Asks: 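Dumping the structure here so I can ask a few things about it.
Both ligands and their constituent atoms are indexed starting at 1 by order of listing. What you see is a predicted model, and the numbers here were worked out from it, not measured in a lab.
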Amino acid sequence: MSNSSKPSKSLMSGNEAIAVGAMEAGISLAVGYPGTPSTDIIEYLAKNFSGNAQWVLNEKVALETAIGASYAGRRALCTMKHVGLNVASDPLMSVTYLGVKGGLTLLVADDPGAYSSQNEQDSRLYARFANMPCLEPSDAQEAKDMTKAAFDLSEEFRLPVMLRSVTRISHSATPVETGVTKAENPVSLQKDPAHMLAVPSNVIRCHKELNDKYARLAQWSVSSGYNRVMRTGFKKGIIASGIAYQYAQEAGSEYNLLKIGFYPFPEKTIEDFVKGLDEVWVMEEGEPLIEEIAKKYHKNVRGKLSGDFKREGELGPDAMLPPATDDTEVKACVINQDELPKRPPVMCPGCPHRELYKALKQAGPVFTTGDIGCYTLGATPPLSAMDTCLCMGASISKAAGISYQGLKRVAAVIGDSTFLHSGIPALISAVYNKANVLVLILDNSCVAMTGHQPTPLTGQTAKKEEGGRVSLKDLCLACGPASVEIVNPYKIEDTAKVLSEKLAKDGVHVVISESPCVLIAAKLKKG
Ligand SMILES: Cc1ncc(C[n+]2csc(CCOP(=O)(O)OP(=O)(O)O)c2C)c(N)n1
């Protein structure tokens, strides 16, 4: 679909619907950093949006870029996965104080069940932390409608608005009616120091303005229409938010039903809903936030705090299925996950990362601090070549921390995109403080883990156009290590020799393992 204004109906994933909603809302910029399950929003926009859709180096840069566009009066969509919001949390916590100009929607896709993430944090807590509104869709149509509404709300309250998706919204498809595309806002960059300078003299006043906005939002939440009673007339009730609203349907129709789609939480609506019920179930992916409120107003609340649902992992569609008996049809469909063979992701056959790990093994004993990317898969057997993994950009700093304790033969393994994302400050710090570490940058010419997005090292933009190009070797040299060398990981013996030499030396040594991801190598050859 292009960003035309002709209404039609089609099947869309939640992510496509969000992209379409943003186009219909008249965005002028879409900016993000890849991360499952959010990645395909920018990819869709890069293909289908005639305006500016771009990848940047990390989530902090993405949010700050979107804030810049908003200051210029335009609407901007910023996308990331949940852990990306940790990286973007610094600008987030202050931009809510200052406020925005053009509408700014922050799409954060959570990963309950941690299917492809290092944790399963709940972004609604960030919305609460930053005092910003948050919309939570329960299907693709709502994802599109809420995206559009988020921009209007952002301009009405002069606040960024979070749209919280989860894997099952982002990646499953339901019918979506497209609508009319709004014209872009005119460019208008006005100086407004009282709301553009996060400096001490502005903080208390801005904080007060934010608290006032939040109080207004709490009222708006009750009357917004996003938090509404869907069914009455029974003695039991379910409160369900986002995707869990779909799971609530599995419980059958003999429950009153309150659907939550907007935060701040509509306390009054919840209080009124639970009145007179015998039992209240609360279904929400992530932390028991709504449940905590429901418990304030009812004695018999069933959910995660009561132990009826697990607090860890995904709530999932089966959460409210009635218990199966021998003669229920349902039983045949219920699969015991524990009985299934585990199929963890593995490195692709021919992956250059495998060969690098083989060379590292040949180079002798080493403690390897890891990072996040396809190469993390080297942590599992048969390679078992990575000893730690924490979050993006942590490998070099962890290695340096170990080396400062007088230990040698420590290697940090980091991918090219991760190095650009948050490895560079760690490398400079290690050089500055005279660490003794070997830094292995695995340059496979893309962000492989999230689906082969381009990086500044290839110079191709999200829209597959030619952009500026950055040299990884020059970048590393500028950080000041003792040496920077490039190896071909498929030449295992040669690579092992280089690694063995560097591991025996003091100082910070960088080795770039240069070979494109096997899945894109053929394409790159063709140009
Ligand atoms: C803060 C944060 N943002 C995004 C992600 C999603 N993510 C996982 S690995 C990765 C980058 C992988 O690229 P690279 O370092 O080049 O390694 P490759 O997969 O290409 O081997 C990203 C963006 C994440 N895990 N954490």
Asks: Only heavy atoms count here, so choose which of M392, M347, K60 is nearest to atom 5 (C) of ligand 1.
Replies: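 When every heavy atom of M392, M347, K60 is considered, M392 comes closest to atom 5 (C) of ligand 1.
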Asks: Please list the nearest protein heavy atom to atom 11 (C) of ligand 1 with its residue and the distance rounded to 0.1 Å.
Replies: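 Here the nearest protein heavy atom works out to V447 CG1, 3.5 Å.
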Asks: For the pair Y126 and V108, evaluate side chain to side chain contact (heavy atoms under 4.5 Å, CB included) and give the outcome as yes or no after the intermediate values.
Replies: CA-CA 10 Å; Y126 261 116; V108 189; over 6 Å; no
Asks: When you look for heavy atoms under 4.0 Å from ligand 1, do you find them on the side chain of P34, its backbone, both, or neither?
Replies: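 For P34, only backbone atoms sit under 4.0 Å from ligand 1.
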Asks: Which bit of Y33 is near ligand 1, meaning a heavy atom under 4.0 Å away: side chain, backbone, both or neither?
Replies: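 The answer is the side chain.
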Asks: May I ask you to say whether E287 pairs ionically with R311, meaning some side-chain N is under 4.0 Å from a carboxylate O?
Replies: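 Looking at E287 and R311, the cut-off is met.
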Asks: Check each heavy atom of V83 against ligand 1 and say whether those closer than 4.0 Å belong to the side chain, the backbone, both or neither.
Replies: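 For V83, the contact with ligand 1 is made by both the backbone and the side chain.
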Asks: Please determine if D122 and R164 form a salt bridge, counting it only when a charged side-chain N lies under 4.0 Å from a carboxylate O.
Replies: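 Judged by the 4.0 Å cut-off on N to carboxylate O distance, D122 and R164 do form a salt bridge.
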Asks: Test of understanding: given a 4.0 Å heavy-atom threshold, classify the contact between M80 and ligand 1 as side chain, backbone, both, or neither.
Replies: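 Under 4.0 Å from ligand 1, M80 contributes no heavy atoms.
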Asks: Applying a 4.0 Å heavy-atom criterion (strictly less than), which segment of C391 is in contact with ligand 1: side chain, backbone, both, or neither?
Replies: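 The answer is neither; C391 stays 4.0 Å or more away.
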Asks: State the atoms of ligand 1, each with its element, that fall below the 4.0 Å cut-off from a heavy-atom position in G35.
Replies: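 Matching atoms, with element in brackets: 6 (C).
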Asks: Between the side chains of T96 and N131, does any donor sit under 3.5 Å from an acceptor?
Replies: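 No, N131 and T96 have no side-chain donor paired with an acceptor closer than 3.5 Å.
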Asks: Please classify the I372 to ligand 1 contact at 4.0 Å (heavy-atom distances, strictly less than): side chain, backbone, both or neither.
Replies: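 Answer for I372: both.
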